[in-house]
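Please read these numbers as outputs of a predicted model, since none were measured by experiment. Per chain, numbering begins at 1; letters A, B, ... match sequence-line order.
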Protein chains: 2
Amino acid sequence: MPAFSRRPLYLQLCEVMADRIATRAWKPGSALPNEGDLAREFGVSPGTARKALERLEQMRLITRRQGRGSFVCDLTSGELVDRFATIRRADGGSVAAGVRTVEIERVPATAEECARLCLAHGDPIYRVRRVLLAGDVPFMIENASMPAALFPGLEQQDTLAGQIALLARHFGVLVGRGSERIATERASREVSESLGVAEGAIVVVLDRVILALDGRPIEWRIGWCNLAGMHYHAQIT
Amino acid sequence: MPAFSRRPLYLQLCEVMADRIATRAWKPGSALPNEGDLAREFGVSPGTARKALERLEQMRLITRRQGRGSFVCDLTSGELVDRFATIRRADGGSVAAGVRTVEIERVPATAEECARLCLAHGDPIYRVRRVLLAGDVPFMIENASMPAALFPGLEQQDTLAGQIALLARHFGVLVGRGSERIATERASREVSESLGVAEGAIVVVLDRVILALDGRPIEWRIGWCNLAGMHYHAQIT
DNA sequence: AAGTGGTCTAGACCACTCA
DNA sequence: GAGTGGTCTAGACCACTTG
């Protein structure tokens, strides 16, 4: 991999390997070649290959264990998905939320959607309405918007549309960080009926943008939540 | 620094340098010795010194810039402090909060304080009551508990007691991550009077533990907040 | 015993900053 | 041009896991 690019070798190598993971050429749970083999395959020194692997580990695409090897993470299981489930029990345990996808539409982005998703005027988006259930009791309704370019044919995937992690894996998008904003608001007629609270009661509004690992916004979501008996959890790093 | 410890050299080196920063032997803003000099001073190879420096950068104790050098971060300015100010304007801007310290007491920890701060039964704590102001309007009241062992003589430092970052610097404690939990609650008589809201109105309860870089809990705080017109901001990483 | 990642060494050269 | 951190190389040895 000498090539002509002046970009650091370890970053180029990291990108190639990330792509193999995104496209599932390297499958979740499988072992990567060892450091020496990777270095030979790509024509770099072992130290450079190691640096790329360390970066993949930082990105949470692989885990490494001394004496065992490097393994592709399952991007749709455990904490990698739970980290976006910020509504939990007081002890941090999952509320075992079910998701009901109410509606999916493909429409041009509004001005606000363009701004939040870094799109150009008129770019198409998928807009998804969901209801989150604790057991069979709805506690949050969500409006989510996603760039159509990243998820072509999403309207046929309504079982995936409820969870960004599943969607992202299906379309080969690597999920990165998100930022969330919380306010309180009086429940509108629609919200009160969906959540089974009084009209005008205080609900919590969760406004969130999730980015891909490469920094592109992949989902903007607003949720109206009846927080009764539950907690929002955040890490400050 | 050969010594007899089997702990990785770069971690030992990192710890020594972190201590120099905590104790202000290396002052905020000042330049560290260059990589080669550090390696010679500690008797390790340049690569090992570099690894320790990279770790200090990850811990946000130093910043490094190609062509310039490595510099000690000011632990009490800018984003290093703001990250704990999770209540902000909608755009993420600061609410320019003032802090009024209402009361400081030194008492044995309650069972709950022991649990949240990982203390033993009867260990002394400082308990601080504060009011946060937007302009001159109170929007949050806080009860904070801190292990007395980490902050000896805190009761004489009431100007510092309002901000954990100032306190930590004064006592040579390096601040690490925190975790916060949010619920809604009806305002008690006391809360409603402090915040100027109706008794029984919905307020937001912020329950937070901050850890030192070495993992020891340094502050447990509960805040009752009138979120009207403001937003809670969180990063999901 | 063989294979893996983790640590450590000792250099080389490059890109950037600043006097 | 001198000095800094950033990249890259090419090894050695250690600690851990597994058969």
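Considering only the side chain of B:Glu35, D:dG6 comes nearest among D:dG6, C:dG6, D:dT9. The side chain of A:Ser45 lies closest to D:dC8, out of C:dT7, D:dC8, C:dG5. Of all nucleotides listed (D:dT7, C:dG5, D:dG6), D:dT7 comes nearest to the side chain of A:Pro8.
Residue contacts shown for A:Arg50 include a base, since a base heavy atom lies under 4.0 Å away.
Across the protein-nucleic acid pair, A:Glu57 atom CD and C:dT4 atom P stand 17 Å apart, rounded to whole Å. Rounded to whole Å, atom P of C:dC16 lies 6 Å from atom CD of B:Gln66. Between B:Leu32 atom CG and D:dG3 atom C1' there is a gap of 16 Å when expressed in whole angstrom units. The CZ-C1' distance, from A:Phe42 to D:dT9, rounds to 18 Å in whole Å. One atom, CG of B:Asn34, and another, P of C:dC18, lie 16 Å apart when rounded to the nearest Å. Across the protein-nucleic acid pair, B:Leu9 atom CG and D:dA15 atom C1' stand 15 Å apart, rounded to whole Å. When rounded to the nearest whole Å, the span between CZ of A:Phe71 and C1' of C:dG5 equals 10 Å. Atom-to-atom, CZ of B:Arg64 to P of C:dT17 comes out at 15 Å; the value is rounded to the nearest Å.
When each of B:Arg130, B:Arg116, B:Arg127 is tested with B:Glu219 by the rule salt bridge (Lys or Arg N to Asp or Glu O under 4.0 Å), just one qualifies, namely B:Arg130.
Along DNA chain D, the nucleotide nearest A:Gly67 and the nucleotide nearest A:Tyr10 are compared for position; the residue whose nucleotide lies closer to the 5' end is A:Tyr10.
For D:dT7, the OP1/OP2 oxygens have no side-chain nitrogen or oxygen of A:Thr48 closer than 4.0 Å. Phosphate proximity of C:dT4 to A:Ser70: absent, as no side-chain N or O sits under 4.0 Å from OP1 or OP2. Residue A:Lys51 places none of its side-chain N or O atoms closer than 4.0 Å to OP1 or OP2 of D:dC8. An OP1 or OP2 oxygen of D:dG5 is reached within less than 4.0 angstrom by no side-chain nitrogen or oxygen of B:Arg68.
Under the 4.5 Å side-chain criterion, counting only non-hydrogen atoms from C-beta, B:Glu54 is not in contact with B:Ile62. The shortest side-chain heavy-atom distance between B:His231 and B:Ile87 does not fall under the 4.5 Å cut-off. A heavy-atom distance below 4.5 Å is not found between the side chains of A:Lys27 and A:Ile21. Residues A:Trp26 and A:Pro33 are in side-chain contact: their nearest non-hydrogen atoms beyond the backbone lie under 4.5 Å apart.
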